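Okay, structure first, notes after.
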Amino acid sequence: MDKYMEMVRIRFLMMLAYRTNYYTGILIYAINIAAYYFLWSAIYGGKSSMQGMSLGQMTTYVAISWLARAFYFNNLDREIAMEIRDGKVAVELIRPYSYLGMKAVQGLGEGLFRLFFLSLPGLFFVSLFLPLQFPGHAKTWLSFGLSLLFSFIIFSELNLLAGVVTFFTFRNEGLLRAKRFIIDLFSGLILPLSFYPDWAQQLMAYMPFQAISYIPSMIITESFQGAAVSDGLFTQAAWCVLLWFPIALLWRVAKKRLVVQGG
Amino acid sequence: MNAIEVEHLRKEFKVHKSRSGLVGAFRDLWTRRYTLVRAVDDISFAVKQGEIVGYIGENGAGKSTTIKMLTGILTPTSGRIVVNGMNPHKEREKFVRTIGVVFGQRSQLWWDIAVQESFRLLKKVYRVSDEQYRRHMGEVIDMLEIGPLLDKPVRKLSLGQRMRCELAAALIHNPPLLFLDEPTIGLDVLVKLNIRQFLKQLNERYGTTILLTTHDMSDIEALCERVIMLDEGKIIYDGSLERLKERWGQGKRVAFTFAEAVTSAFLQQLTEGLEVVWKKGEQPNVWVSHVPSGGVPEVVSRVAARCALQDIRIHEVPTEEIVRNIYEEGAVRG
């Protein structure tokens with residue numbers, strides 16, 4: 001366990017290695033949220049609610065979605081693809097740890113850093129200017145925290161899956177890019193899922209993407225009430241478990257087929 | 001006990017062949033053609049504990065592939081490997097605790113952070129106690145003279161500095177077996193000497209078994225008593241460096257600098273009956289003769305009697321040339 005904690009620390013150090021990146025990071029989050037606020041207030045155009053959400057709820061939804069994204073988002077798929085492409089994966093495999101486990105921990109380190117040192121300051125900054133409505137219930141926050149952790153696991157699992165595919169294809173930038181857009185679109189980051197047509201909503205209910213962003217955001221804005229909260233959490237937990245199987249299977253095959261490129 | 005045992009080891013790669021031209025590229029989208037490349041072809045050897053073995057071969061001879069199989073990174077196509085009493089690929093996580101690896105061409109330190117942070121992480125990864133770390137790494141850091149580099153980020157180090165840090169990083173858990181894949185590539189002479197001396201001390205002090213690949217024959221001469229030579233995936237020589245030199249490097253090389261121009265025909269005629277081969281040297285008026293053992297005084301006296309000389313130099317045949325000769329012939333004779 002020690003070694004994994006140490007890796008989180010190393011990731012923090014890496015994020016702090018470049019100061020400019022750090023400060024612009026905060027700014028980018030603030031700008032992003034503000035831009036969405038203005039976009040949505042134009043769409044609402046004086047209407048008090050759309051799809052059962054008020055403008056205040058919507059702004060909070062957007063702000064929280066980006067906050068959550070700061071935590072669950074990582075580039076593990078690209079990192080794995082790069083390590084395979086330039087052969088650095090060899091160095092990882094001579095270490096006494098699980099390659100995928102260590103990668104996931106690195107993602108966690110990066111996520112924690114971004115959450116606490118980039119987006120929370122960004123959110124605080126934005127809340128001085130915009131009418132954000134945060135819930136007062138401790139239970140809501142607790143469920144949200146749990147839900148966010150699940151989001152991270154699901155997102156990272158999808159990334160690991162895409163990364164492991166690189167062991168077979170060697171180059172899959174196109175696939176990785178497509179995966180990224182699909183997740184942003186279908187996870188409810190850009191648009192709450194309740195705004196999609198019915199058939200699309202039904203389709204998305206069978207996919208893991210909504211469990212990444214839509215569910216935690218609905219929980220924190222208290223759009224989910226009562227049983228809907230526990231149902232949401234259960235869906236997320238189910239995806240966490242389900243996605244593990246293809247990864248474990250592919251990884252076992254991948255290790256045998258590994259070709260280390262360059263030297 | 002043997003540190004490494006390899007029997008009938010084989011590794012095949014499927015390599016995708018691209019067709020030429022635009023039409024070919026489109027056809028490649030549908031059907032791909034593969035060829036089977038045998039990178040390592042039925043090799044067997046054993047390395048005893050405490051040995052330093054040089055694993056040499058031209059580029060693409062299969063050295064790195066072998067090292068990667070021995071360290072558990074690649075799965076062999078067939079054959080048996082036992083390293084430190086374990087099957088590297090089967091028990092990877094347990095196995096890699098007992099080895100240290102340095103790849104000269106890729107860094108295992110974290111680029112953006114200070115060297116000591118990488119060390120600290122590796123210390124945790126290998127579960128090295130503070131006490132052990134201080135005792136062992138203190139020595140390693142002293143011997144490699146990297147103390148002042150520890151708080152610098154890796155990206156600010158020169159290649160020589162980085163390589164010494166890499167070596168230290170591979171030794172954090174004081175492994176009984178060390179794999180070095182081209183550890184001195186691109187380094188200047190002083191750093192090379194420092195690293196060689198360090199490896200020797202390590203071997204004497206801790207009995208560390210070392211398997212190293214290199215293109216630099218002076219590394220081999222300084223460190224290894226035994227060499228394994230590889231060509232096209234097959235072992236073509238396995239034995240002591242001494243024996244290799246005796247068999248291949250018989251005789252001496254005598255370089256004459258003449259005061260005036262001479263022809264090869266003239267020199268041939270001069271040394272008739274002595275089995276001497278003359279080659280033109282790189283400088284003007286320099287001729288190099290390859291003389292069988294015992295023939296040097298006769299050759300020198302014959303040449304000196306007939307020609308005005310400015311200089312005579314006598315060398316042993318360098319190992320690099322021995323190796324080159326072996327590759328040119330493709331196999332070790334005898």
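Below, chains carry the letters A, B, ... as their sequence lines are ordered, and counting in each starts from 1. Just so we're clear, the structure is a prediction, and the values are computed from it rather than from any experiment.
For the set B:T75, B:D112, B:L121, B:L122, the entry with the most heavy-atom pairs within less than 4.5 Å of chain A is B:L121. Counting heavy-atom pairs closer than 4.5 Å to chain B, the top residue among A:K255, A:R9, A:E92, A:M102 is A:R9. Most heavy-atom pairs under 4.5 Å with chain B, from the set A:K256, A:R95, A:M14: that is A:R95. Contact tally against chain A (heavy-atom pairs below 4.5 Å) for B:K14, B:R127, B:K123, B:R120: the top residue is B:R120.
The parts of A:M7 that come within reach of chain B are both its backbone and its side chain, each placing non-hydrogen atoms under 4.5 angstrom from that chain. Residue contact with chain A, scored on non-hydrogen atoms closer than 4.5 Å, involves the backbone of B:S107 exclusively.
A:I10 approaches B:E117 most closely through the heavy-atom pair CD1-O, 3.6 Å. Of all heavy-atom pairs spanning A:A90 and B:I73, the tightest one is O-CD1, 3.4 Å. Nearest approach of B:Y126 to A:I94, heavy atoms of both residues: OH-O, 3.5 Å.
Heavy atoms of other residues, nucleotides or ligands lying less than 6.0 angstrom from CZ of B:R80 number more than 12. Open room surrounds NZ on B:K234; 12 or fewer heavy atoms of other groups in view lie less than 6.0 Å from it. For CD of B:Q116, the number of neighbouring non-hydrogen atoms (other residues, nucleotides, ligands) closer than 6.0 Å is greater than 12. No more than 12 heavy atoms of other residues, nucleotides or ligands sit less than 6.0 Å from atom CE of A:M5. The environment of B:F198 atom CZ is dense: over 12 non-hydrogen atoms of other residues, nucleotides or ligands sit within 6.0 angstrom. The 12-atom threshold is exceeded at CZ of B:R19, counting heavy atoms of other residues, nucleotides or ligands nearer than 6.0 Å.
Atom-to-atom distance recorded for B:K124:NZ and A:K3:NZ is 12.5 Å, nearest 0.5 angstrom. With rounding to the nearest 0.5 Å, the separation of CG in A:L13 from CH2 in B:W110 is 11.5 Å.
Of residues 84-98 of chain B, those residues with a non-hydrogen atom less than 4.5 Å from any non-hydrogen atom of chain A are, in numerical order, B:H89, B:R92, B:E93, B:V96, B:R97.
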